[in-house]
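Before any comments, here is the structure.
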Amino acid sequence: MEIVNDNRGMADQARHDNNGSRVKCGRVVSMTGSQALIESLLHKGVDTIFGYPGGQAIPIYDTLYDYKDQLNHILVRHEQGATHAAQGYARVSGKVGVALVTSGPGVANTITGIADAMMDSTPIVVIAGQVPASLLGTDAFQEVDVIGVTQPITKWAYQVRNADEIAWAVARAFYIASTGRPGPVVLDIAKNAQVGETQYQPVTINHIRSYIPLPDIDPEKIAEAAQLINASKKPLALVGQGVILGNAEKELLDFLRKADIPAASTILGLSALPSDEPLNVGMLGMHGNIAPNLKTNECDVLIAIGMRFDDRVTGDLATYAKQAKIIHLDIDFAEINKNVKVDVPVLGDAKDTLAALTQLLKENKHTEWREEFKSHWEREIQAVINKEIHPKSGPLNMGEIVNKVSEATGHQAVLVTDVGQNQMIGVRYFKYTQTRSVVTSGGLGTMGFGLPAAIGAKFGAPDRTVCLFVGDGGLQMTIQELGTIMQSNVDLKIILLNNEYLGMVRQWQELFYEERYSETTMKNPNFIRIAEAYNIPGRSVTKREELDEAIQEMLAAKGAYLLEAKVVPKGMVYPMVPAGACITNILLGNE
């Protein structure tokens, strides 16, 4: 991934305009560094901040007191929650998410969220208070080397040591976080910079030397790719989150429809295509659909668009798509040939490269090739899907609950998941009619992500229904954020799939570790009573005949609601490709 972690010397050059260009606008006003910070955030269009105050950030919070009508600060209950909420906000809104924390343990608690944002290319800016510059390096109370800790997991990390740097640093942070392949940026602001005086003037940065967020498109590579696609008999497109990040959903559809190319999605790319689009053949990867996994190793041309060939998608690289010519469209040069050797790399923003490629495509039909997917889909319906969403008896299944909630929302809701079986079942059985409808921790797989991310998603898309699917393990990792929901009146629908296990680990133990269930059984509290303590109504269901009514009650409730479903304890998520196996080695359970 493209990283702009320059050292202080390079940053000093930038500050004097030798490492980039910036535009100053508006009149100069004398103010404190904290005021300059808030004014700079407003200048970047920030409307919501997720944060938690502390000693070294008090001047910033004191300044926030005067901006209540302009900035909505959401008081989380843990700094990790602030970063995940900023991620959820960014993922559904398309804007940069902002978290504000204090020094030491405050900023240390954001590390998981920052790493998660880096893995999933999510634009967030984390602003941390720091001890005064005069105390740096003395092991002062709550001092942590923030830059040293966060540089490997950010696009840029910078320590602000005087008030005059603030406007420049904020402008640069937002530019880096939001351009090219998005990602997290950290600003560590010393306390003396917060209270010091500066002559503030709004700053906009639109160029940084040596940072090339948008590579030039090579027309020869576009032509080579078009030639391969035009000659193809069995093309297959793999759709990643890069399509969504590049706002290229229309260009993707134009591309696919012109050449009649079936397309499968990574988890993060799922809502780039509507679920009912005829060319959409499902989800890739370990728990993806049978057809696209099998056809990956049968196609003659594989077109990867804004995806990084993650190991959960490719399985064993030695056996992955060896028969195919591979075209890779990506904005980040670092992803080209990183995992999979490609025949034609196409660098650039997906919105531009797809449009350029479509112009050179011939109108085509691949009817026979597309028909081959249908038999595999029918097999999956019979072997897995019908059993999961239409069980005739027994305890509730996770899949039937996800399916019913999706149907009850008209497939219009935002899906947020935690990590584990709830995640895989959620993305498999929820349906999507519009883009930016999936918020989940993809690359890092962070348990505890779901609840705070769903809070952020609701603030990022206030007019949409947000449905969180979470397991009993993941919920308890960030359960304190129920307090955030209570205080900020967040209208969030929480569906707890409670199997009293760490379900995904238990599934692996059952399949690959001789059913030795080591430390995966969960003894849980009464979740409904806990929710009630936070003034969140809820209901627990165990019977199938109660489910429809309970879902309607949840969706009709004004404000947050917790629907706990006691599901089959040892439920499995199928299909499943074992880790490291060939992508066509698919387990279906008792078919």
Contact summary for [X] and [Y], nearest pair of heavy atoms:
{"X": "Ala171", "Y": "Ile205", "answer": "CB-CG1, 4.0 Å"}
{"X": "Val243", "Y": "Ala272", "answer": "CG1-CB, 4.0 Å"}
{"X": "Ser437", "Y": "Ser271", "answer": "N-OG, 3.1 Å"}
{"X": "Asp116", "Y": "Leu444", "answer": "N-CD2, 3.5 Å"}
{"X": "Ile267", "Y": "Val438", "answer": "O-CG1, 4.0 Å"}
{"X": "His73", "Y": "Phe50", "answer": "NE2-C, 4.5 Å"}

Under 3.5 Å donor-acceptor, [X] side chain and [Y] backbone:
{"X": "Lys155", "Y": "Pro123", "value": "no"}
{"X": "Arg181", "Y": "Asp332", "value": "no"}
{"X": "Gln87", "Y": "Ser441", "value": "no"}
{"X": "His287", "Y": "Val573", "value": "yes"}
{"X": "Gln70", "Y": "Tyr67", "value": "no"}
{"X": "Ser103", "Y": "Gln142", "value": "yes"}
{"X": "Asp120", "Y": "Gly443", "value": "yes"}
{"X": "Tyr561", "Y": "Pro537", "value": "no"}
{"X": "Glu143", "Y": "Asp139", "value": "yes"}
{"X": "Ser34", "Y": "Gln194", "value": "yes"}

Take the angle between the ring planes of Phe430 and Tyr432 and call it parallel below 30°, perpendicular above 60°, tilted in between.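 The arrangement is tilted - the two ring planes meet at 30° to 60°.
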Spatial distance of atom [atom1] ([X]) from atom [atom2] ([Y]) [nearest 0.5 Å]:
{"X": "Ile485", "Y": "Leu562", "atom1": "CD1", "atom2": "CG", "result": "9.0 Å"}
{"X": "Thr478", "Y": "Leu451", "atom1": "OG1", "atom2": "CG", "result": "5.0 Å"}
{"X": "Ile74", "Y": "Ile455", "atom1": "CD1", "atom2": "CD1", "result": "9.0 Å"}
{"X": "Thr150", "Y": "Asp145", "atom1": "OG1", "atom2": "CG", "result": "8.0 Å"}
{"X": "Thr204", "Y": "Phe174", "atom1": "OG1", "atom2": "CZ", "result": "12.0 Å"}
{"X": "Ser40", "Y": "Ile166", "atom1": "OG", "atom2": "CD1", "result": "7.5 Å"}

Side chain to side chain contact (heavy atoms under 4.5 Å, CB included) between Gln159 and Leu136, intermediate numbers included: CA-CA 11 Å; Gln159 189 172 77; Leu136 289 169; 3.3 Å; yes
Side chains of [X] and [Y], donor plus acceptor under 3.5 Å:
{"X": "Thr110", "Y": "Thr83", "answer": "no"}
{"X": "Gln509", "Y": "Thr520", "answer": "yes"}
{"X": "Gln35", "Y": "Asp66", "answer": "no"}
{"X": "His84", "Y": "Thr112", "answer": "no"}
{"X": "Gln421", "Y": "Asn499", "answer": "yes"}
{"X": "Thr484", "Y": "Glu481", "answer": "yes"}

Is there a side chain to side chain contact (heavy atoms under 4.5 Å, CB included) between Gln80 and Val101 once you walk through the steps? CA-CA 10 Å; Gln80 180 181 348; Val101 300; over 6 Å; no
Other residues, nucleotides and ligands only: do more than 12 of their heavy atoms fall within 6.0 Å of [atom1] on [X]?
{"X": "Phe141", "atom1": "CZ", "answer": "no"}
{"X": "Tyr52", "atom1": "OH", "answer": "no"}
{"X": "Phe333", "atom1": "CZ", "answer": "no"}

Would you call Lys338 and Glu335 a salt bridge, taking side-chain N to carboxylate O under 4.0 Å as the test?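 Between Glu335 and Lys338 there is a salt bridge, with a charged N closer than 4.0 Å to a carboxylate O.
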Do the charged groups of Lys493 and Asp491 touch, with an N to O distance under 4.0 Å?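 Answer for the salt bridge query: yes.
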Passes side chain to side chain contact (heavy atoms under 4.5 Å, CB included), Ile38 versus Ile60? Steps please. CA-CA 8 Å; Ile38 303 305; Ile60 300 173; 4.3 Å; yes
Hey, does [Y] have a side-chain heavy atom less than 4.5 Å from the side chain of [X]?
{"X": "Gln56", "Y": "Pro132", "answer": "yes"}
{"X": "Val92", "Y": "Val416", "answer": "no"}
{"X": "Ser488", "Y": "Phe459", "answer": "yes"}
{"X": "Glu165", "Y": "Tyr158", "answer": "yes"}
{"X": "Met307", "Y": "Val239", "answer": "no"}
{"X": "Arg91", "Y": "Tyr89", "answer": "no"}
{"X": "Met424", "Y": "Met286", "answer": "no"}
{"X": "Val414", "Y": "Val439", "answer": "yes"}

Thr314 and side chain to side chain contact (heavy atoms under 4.5 Å, CB included): which partner among Val340, Leu284, Asn339?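 The side chain to side chain contact (heavy atoms under 4.5 Å, CB included) with Thr314 is passed solely by Val340 among Val340, Leu284, Asn339.
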In this structure, which one of Ile495, Val427, Asp418 forms a side chain to side chain contact (heavy atoms under 4.5 Å, CB included) with Phe469?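 By the side chain to side chain contact (heavy atoms under 4.5 Å, CB included) criterion, Phe469 pairs with just one of Ile495, Val427, Asp418: Ile495.
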Decide side chain to side chain contact (heavy atoms under 4.5 Å, CB included) for Thr32 and Glu197; before the verdict, give the C-alpha distance in whole Å, the side-chain angles of both, and the deciding distance to 0.1 Å. CA-CA 4 Å; Thr32 67; Glu197 290 290 318; 3.5 Å; yes
Partners passing salt bridge (Lys or Arg N to Asp or Glu O under 4.0 Å) against Asp310 (at least two apart in sequence or in another chain):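 For Asp310 the salt bridge (Lys or Arg N to Asp or Glu O under 4.0 Å) partners, ignoring immediate neighbours, are Arg308.
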